[in-house]
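By convention here, the first residue in the shown sequence is residue 1.
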Amino acid sequence: MTERQLITDSQNTWCPGCGNFSLEYALRDVFNDLEKEGIPLEKIVLVTGIGCHAKMADYLDVNSFYAIHGRTIPVATGIKLARPDLTVVCCAGDGDAYAEGLDHLIFGAKRNLDITVIIHNNRVYGLTTGQYTPTSPLGFKGRSTPEGTQESPINPLELMLTSGATYIGRGYTKNLKVLRLLIKEAILHKGFSFVDVLQICATYFDVHEIYDTLVYELEKQEAYTFEEVMKKIREWDYNGKAPIGLGTYYRKEAPTFDERIKGKKISEEDREKVIQQVLEKNR
Ligand code: SF4
Ligand code: MG
């Protein structure tokens, strides 16, 4: 089977050096791999939010839904529940998923919905020219915080572990090998897969020199205990200069939301009847 190009003719407006290019090529490679392994491209749906990352819906030639800010997961939930045969992948930004859409992220993990969420975490609002986000470091000087933010960042991996995500990974846009591996593993995992990707924003928060000195690849684990994973996750708190582990942090088998509600679906006709009954009761 020949590799599909999968890059559209749309004019690309990402800045030179933007980490989104790595994510675009990693996704393209993984989709091609999956097609060879039996998941046809026609069965893949990409959902994006709003932000620089979201242009992925324009640039990748796959089925896609350009959602609104922070709302990739509700859209993905609807798609997955209506069509469980589809493979649903969300690309969201850090401002998008960790601020505006945080409740959806938590509920997606809590339900263990069988979707993949990839966060383009550049730790800044790039599209709106450089405001701080929930993962910007303490003291970050941006458009809205010229004196430096006085808030500590959240650790999204910690949040996802405690919320119930069954696959957790961290990538970096300058390590394509790990990025491809994580995206593929996450998509193949049955359940809520979460990959936080340290994405370089070349224009508003270019910290690649710092990341380059701090990142290392995690060793593969046979078993994952919650406590050990939490300890590892807390090694770096999105602040400071502790080592930053790249790779798979956590993986667990658990029933998914879509499996749990399978069989509880009702026909169109029955749904009308139930609605009428509820209306009658409350008249
Ligand atoms: Fe990429 Fe930052 Fe430019 Fe947005 S502003 S396209 S994230 S480099
Ligand atoms: Mg961002």
Parallel, tilted or perpendicular: which fits the ring planes of His69 and Tyr125, with parallel below 30° and perpendicular above 60°? tilted
Decide yes or no for Gln131 and Ser136: does some side-chain heavy atom of the first lie under 4.5 Å from some side-chain heavy atom of the second? no
Gap separating the NE2 atom of His208 from the CG atom of Leu198, nearest 0.5 angstrom: 14.0 Å
From CA spacing to verdict: side-chain contact (heavy atoms from CB on, under 4.5 Å), Lys232, Gln221: CA-CA 12 Å; Lys232 203 75 191 146; Gln221 277 174 256; 5.7 Å; no
Indicate yes or no: does Arg4 engage Glu35 in a salt bridge with an N to O separation below 4.0 Å. yes
Evaluate the criterion side chain to side chain donor-acceptor pair (under 3.5 Å) for residue pair Thr166 and Asn112; output intermediate values, then yes/no. CA-CA 7 Å; Thr166 51; Asn112 196 30; 2.8 Å; yes
Strictly below 4.0 Å, N to O, side chains only: are Asp58 and Lys55 in salt-bridge contact? no
So, Asn121 and Thr135: side-chain donor and acceptor under 3.5 Å apart, yes or no? yes
Worked check of side-chain contact (heavy atoms from CB on, under 4.5 Å) between Leu60 and Leu27: CA-CA 9 Å; Leu60 268 183; Leu27 281 162; 3.8 Å; yes
Within the distance-only criterion (no hydrogens, no angle test), does the side chain of Asn239 pair as donor or acceptor with the backbone N or O of Pro137 below 3.5 angstrom? no
Between OG of Ser152 and CG of Asp237, what distance do you get to the nearest 0.5 Å? 7.5 Å
Within the structure provided, determine whether Ile200 and Tyr211 are in side-chain contact (heavy-atom separation under 4.5 Å). yes
Can you tell if the side chain of Val197 reaches within under 4.5 Å of the side chain of Leu182, non-hydrogen atoms only? no
Which atoms form the tightest heavy-atom contact between His53 and Ala92, and what is the distance? NE2-CA, 3.4 Å
Looking at Tyr66 and Ala57, what are the two nearest heavy atoms and their distance? CD1-CB, 3.9 Å
Please give me the minimum heavy-atom distance between Ala165 and Ile168, naming the atom from each residue. CB-CG1, 4.0 Å
When you look at Tyr172 and Ile244, which way does the side-chain contact (heavy atoms from CB on, under 4.5 Å) test go after all the steps? CA-CA 10 Å; Tyr172 174 33; Ile244 304 172; over 6 Å; no
Is a donor on one side and an acceptor on the other found under 3.5 Å between the side chain of Thr149 and the backbone of Thr145? no
Does atom CD (Gln5) have a neighbourhood of more than 12 heavy atoms from anything else shown, all under 6.0 Å? yes
Quick test of your reading of the model: are Lys190 and Glu253 salt-bridged, counting only N-O distances below 4.0 Å? no
How about Leu218 and Tyr216: do any of their side-chain heavy atoms sit closer than 4.5 Å? yes
Over all heavy atoms of both residues, which pair between Ala76 and Val88 is shortest? Give the atoms and the distance, please. CB-CG1, 3.6 Å
In Å and rounded to the nearest 0.5 Å, what is the OH to OG1 distance from Tyr59 to Thr48? 11.0 Å
Do Leu34 and Ile187 make a side-chain contact, defined as non-hydrogen atoms from C-beta onward lying under 4.5 Å apart? yes
Membership question, hydrophobic clusters at under 4.5 Å side-chain separation (ILVMFWY): are Ile50 and Trp14 in the same one? no
So if you build clusters from Ile, Leu, Val, Met, Phe, Trp, Tyr with side-chain heavy-atom gaps below 4.5 Å, do Phe107 and Leu161 land together? no
Sub-3.5 Å donor-acceptor pair from the side chain of Arg180 to the main-chain atoms of Val30, do we have one? no
Within-4.5 Å side-chain heavy-atom neighbours: Leu81 and Ile261: yes
To the nearest 0.5 Å, tell me how far Leu113 CG sits from His104 NE2. 13.0 Å
Lys231 and Glu228 ion-paired at < 4.0 Å: no
Linking I/L/V/M/F/W/Y whenever any side-chain heavy atoms sit under 4.5 Å apart, do Leu181 and Tyr224 land together? no
Can you find a heavy atom in the side chain of Arg234 that is under 4.5 Å from one in the side chain of Glu158? yes
Would Tyr204 end up clustered with Leu138 when hydrophobic side chains under 4.5 Å apart are linked, directly or stepwise? no
Same hydrophobic cluster for Leu279 and Val274, using side-chain heavy-atom links shorter than 4.5 Å among ILVMFWY? no
Look at Lys36 together with Glu3 and state whether they make a salt bridge at an N to O cut-off of under 4.0 Å. yes
Counting only heavy atoms from other residues, nucleotides and ligands, does the tally under 6.0 Å from CD of Gln11 exceed 12? no
Can a donor-acceptor pair be found between the side chains of Glu151 and Tyr132 at a distance below 3.5 Å? yes
Check: Lys80 side chain, Leu86 main-chain N or O, donor-acceptor pair, under 3.5 Å: yes
Using the ring pair (Phe, Tyr, Trp, His ring centres under 6.0 Å) rule, take Phe257 and Phe192 through it: C-alpha gap first, then chi angles, then the decisive distance, then the call. CA-CA 9 Å; Phe257 186 65; Phe192 191 85; over 10 Å; no
Ala186 backbone acceptor or donor facing Ser193 side chain under 3.5 Å: yes
Between Glu217 and Arg170 (salt bridge meaning N to carboxylate O under 4.0 Å), is one present in this structure? no
Is a side-chain N or O of Asn155 found less than 3.5 angstrom from the main chain of Ile233, in a donor-acceptor match? yes
Quick one about Thr8 and Asp61 (side-chain donor to acceptor, distance below 3.5 Å, no hydrogens or angles considered), yes or no? no
Strictly distance-based, threshold 3.5 Å: is any side-chain N or O of Thr256 a donor or acceptor partner for the main-chain N or O of Gly191? no
Cys52 vs His120 side-chain heavy atoms within contact, under 4.5 Å: no
Does atom CG of Asp270 have more than 12 heavy-atom neighbours from other groups under 6.0 Å away? yes
With rounding to the nearest 0.5 angstrom, report the CG to CD1 distance, Asp29 to Ile183. 9.0 Å
How close do Asp94 and Asn122 get, heavy atom to heavy atom, and via which atoms? OD1-OD1, 3.0 Å
How long is the straight-line distance from OG of Ser64 back to CE of Met56, given to the nearest 0.5 Å? 11.0 Å
Between Tyr98 and Asp196, a side-chain donor and acceptor under 3.5 Å: yes
Closest non-hydrogen atom pair between Cys15 and Thr203, with its separation: SG-OG1, 3.1 Å
Determine yes or no for a side-chain-to-main-chain donor-acceptor pair under 3.5 angstrom, with Asp212 supplying the side chain and Leu214 the backbone. no
What about Tyr167 and Phe194, are their ring centers closer than 6.0 Å? no
Less than 4.0 Å between a side-chain N and a carboxylate O, is that true for Lys174 and Glu209? no
Using the rule given for side-chain contact (heavy atoms from CB on, under 4.5 Å), can you reason through Val229 versus Leu157, listing the C-alpha separation, both sets of side-chain angles and the distance that settles it, and then say yes or no? CA-CA 10 Å; Val229 173; Leu157 273 64; over 6 Å; no
Among Asp96, Thr77, Val117, Ile118, exactly one meets side chain to side chain contact (heavy atoms under 4.5 Å, CB included) together with Thr72. Which residue is that? Asp96
